[in-house]
Student: 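What follows is a single structure, and I will ask about it in a moment.
Here is how names work: the chains are called A, B, and so on, in the same order as the sequence lines, proteins then strands, and each is numbered from 1.
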Amino acid sequence: MTDKEIFEQLAQFQKQNIPVCLATIVEAAGSTPREVGAKMLICADGKTYGSIGGGCGENQVRSASLRCLLTEKKPALIEADLTDDLGTKGGDVCGGKMLIFVEPFL
Amino acid sequence: MDIFEEIVAAKKSNTPVVLATVIESLGSAPREEGARMLIKSDGSIVGTIGGGAIEKKIIDEAMTLMGTQASKFVRYELKDIGMICGGGMSVFMESIIQQPKLYIFGAGHIGSVLSKIGKMLDFEVTVIDNRPDFANKERLPWPDKVIAEDYMQAIEKLAFPKNTYTVILTHRHAHDYEVLEQIIEKPYKYIGMIGSRTKVAKSLQQLREKGIVEDIIKSIHSPVGVRIGANTPAEIAVSIAAEIIAVRNNANAKFDKIM
Amino acid sequence: MVSMNIISRVNELISNAETFCLATVISSSDDRITPGSKVIIHKDGTIEGGTGHKETDKSITDIALQANTQQEKKLLEIKAGLIVFFDFISTRAKLIICGAGHIAIPLARFAQEVGFAVTVIDDRPDFASQARFPECEVVADDFITALRSISLNSSSFVVIITRGHEHDAECLEEVVLQPTAYIGLIGSRRRVSFVLEMLARNGIPKGRLADICTPIGIPIGAESPEEIALSITAELVCVRRKGIGQAKALSDAVRGMK
């Protein structure tokens, strides 16, 4: 999804009073799957729009977003460490670190 | 079946054939312009361009073209090849090959766009993903085939002729390696694998430890795609498609060094 | 917390095809500045929204304006304990295809895939038709009139693939002195040099002509219209991501090795 589509969708949710969390990659070190500025929207029911890189780190971001949306109710900066070799456990190995800013729009 | 039906059947069954057409016929050449003969990969023929020594010559010539992308123009003086009737014959020979296959493992964003582009570039496209939510015809109406199945099981059922192009971009690194390990043992024209440098280096090392020779490992295109600075899934799909075309058109050797 | 206002402003700006910086406070040790607060910084230095702290807004603006040329999205600690993310929002780049022939069809489709807003122009209404180019803007008019109806800017990409070198020349002459991100010209060496010489005679500076990408497309041995369209699309992406200089250098290097 382009920035345009993300922000349009976000405005849509705001209009309908649907709480949603915006996740933005703000820093990426090493080899990560998406670039800085990539955005994703996460709804309270777990539905997502856009992508910050598929499997890699996306699950970490999704659960952090839900926490931020449902309990913390304030923005948070989370680090997705993709260097751990989770490959053997069926996870993803991306070999990099990402900082993701998650902010709730309640 | 006539020649044209044979061509259609050959395309459907993915077997190469060569079509020979007389385009000039002089003197007492055995057949007139427009006469056609189809040569199959086992050397058998459908139709005739006049029999005898010249036909034998053309069949031999056809066998050298079989399965390649080449076409050829040949001219024979009948006397030169020991035929009694004087005259000459020009024949245009075209190799009709199976449509190249493009296997895309992983039906995520990149795989989805790549399947669309691959179809436009005249590949027979199959997308494979073990997640039925991703690999279905509603999401992916473009490819010829969409397979939602365990990767290993799917590979067992797929055919791998020489002109097979495979792109590996599953959602899990473990699956990427699994697929790579299987298809590296089969014939292929192109294998591209997505992933960060560290991820890929690990896979290649695993292959080495399995005893795969360096030449084969070097033939794997990874990082995948030409270096155009692609960032979004659609851009990455374009960069992969461009690399595949460079390989299909044998323009890749120079490319690899620079782009 | 972020007001609904600023998001709708972002949307307005995007739909007006404006390029701007969106700065977001990521973390702050100062209680008066809340994480998540946003500032929109326009190219001319005017701002909307804010952190609620004048001085901070000022430093954010300064940094945004400085970073504006590179438009590199980044995270910066602008003073002790205050971290801000600078995001640059730019709208879809525009691709103008001059010539609605057989390459234009796959080119329009590929370019749309990678996010270009595509306009196709041709003086033949049978070719420049909505049916042939769904979801594109289509202008069926003589090339000059059509081009003059389109405003070009530094994020406009122009591909010239008309049916004849006279049309190529007139399109090129019309756009070459305007701001563009990319101009690509198709054609054999002979046809291209004919066009370029003609423009040089008409007083177009050599330096400007050197920026034109020709032969068009990255060298992947493209032959069919679809393959050529793909090689052009790859070049468009390369220019958008890496800049014209690097894109040309790469292509020339590959061609030079033949």
Side-chain angles (χ1 to χ4, degrees), chain A residues 1-30 32 34-42 49-53 61 64-65 68-69 72-80 96-106, chain C residues 1-29 31 33-38 40 51 67 70-77 81-93 112-117 237 240-242:
Chain A
M1 274 173 110
T2 61
D3 280 349
K4 180 178 197 268
E5 288 160 333
I6 289 279
F7 282 114
E8 272 171 3
Q9 189 65 58
L10 175 55
Q12 199 66 39
F13 283 133
Q14 286 189 310
K15 240 176 244 162
Q16 297 165 0
N17 279 320
I18 299 171
V20 62
C21 192
L22 172 67
T24 308
I25 301 180
V26 295
E27 199 165 77
T32 51
R34 285 296 304 271
E35 78 274 32
V36 169
K39 296 174 182 66
M40 179 166 91
L41 292 171
I42 303 97
Y49 300 81
S51 161
I52 55 160
V61 172
S65 299
C68 145
L69 208 52
E72 306 282 327
K73 299 192 191 283
K74 60 176 194 208
L77 184 64
I78 62 161
E79 185 180 316
K97 278 184 189 186
M98 295 197 288
L99 285 179
I100 298 119
F101 187 60
V102 292
E103 45 188 327
F105 291 81
L106 302 169
Chain C
M1 207 62 27
V2 184
S3 68
M4 173 167 171
N5 223 345
I6 200 141
I7 297 302
S8 35
R9 268 307 283 158
V10 166
N11 273 307
E12 272 172 41
L13 294 171
I14 291 177
S15 48
N16 292 343
E18 292 196 39
T19 304
F20 56 94
C21 175
L22 179 65
T24 303
V25 175
I26 299 301
S27 73
S28 163
S29 52
D31 285 348
I33 302 172
T34 35
S37 52
K38 290 178 168 24
I40 293 170
T51 59
Q70 292 286 320
Q71 304 225 332
E72 192 195 338
K73 302 172 180 193
K74 59 184 165 190
L75 197 62
L76 277 181
E77 181 162 27
L82 183 65
I83 298 174
V84 176
F85 177 60
F86 294 86
D87 198 353
F88 287 89
I89 313 280
S90 55
T91 43
R92 286 170 82 187
Q112 281 177 327
E113 285 296 336
V114 293
F116 282 93
V237 170
R240 188 167 67 181
R241 292 293 177 193
K242 294 182 153 185

Student: Give the minimum heavy-atom separation between A:P75 and C:P35, together with the two atoms involved.
Tutor: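 It is CG-O, 3.4 Å.
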
Student: How far does OG1 of A:T24 sit from CD1 of C:I26, to the nearest 0.5 angstrom?
Tutor: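 It comes to 7.5 Å.
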
Student: Give, as side chain, backbone, both or neither, the part of C:V25 having an atom under 4.5 angstrom from any heavy atom of chain A.
Tutor: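 For C:V25, backbone heavy atoms alone lie under 4.5 Å from chain A.
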
Student: Give, for atom CD of A:E27 and atom CD1 of C:I83, the distance between the pair rounded to the nearest 0.5 Å.
Tutor: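 Between A:E27 CD and C:I83 CD1, I get 9.0 Å after rounding to 0.5 Å.
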
Student: Under 4.5 Å from any heavy atom of chain C, what part of A:F101 do you find: side chain, backbone, both or neither?
Tutor: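 The side chain, not the backbone.
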
Student: Out of curiosity, A:K74 NZ to C:T34 OG1, how far, rounded to the nearest 0.5 Å?
Tutor: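 Between atom NZ of A:K74 and atom OG1 of C:T34 there are 11.5 Å.
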
Student: Output the distance between atom CZ (C:F85) and atom CD1 (A:I25), rounded to the nearest 0.5 Å.
Tutor: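 Separation between the atoms: 9.0 Å.
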
Student: Does some side-chain heavy atom of C:L22 sit less than 4.5 Å from a side-chain heavy atom of A:F7?
Tutor: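 Of all side-chain heavy-atom pairs linking C:L22 with A:F7, at least one is under 4.5 Å.
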
Student: Out of C:V10, C:N11, C:I7, which one pairs with A:L10 under the side chain to side chain contact (heavy atoms under 4.5 Å, CB included) rule?
Tutor: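 Considering C:V10, C:N11, C:I7, a side chain to side chain contact (heavy atoms under 4.5 Å, CB included) with A:L10 is found only for C:I7.
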
Student: From C:D87 CG over to A:K39 NZ, what is the distance, rounded to the nearest 0.5 angstrom?
Tutor: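 Between atom CG of C:D87 and atom NZ of A:K39 there are 3.5 Å.
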
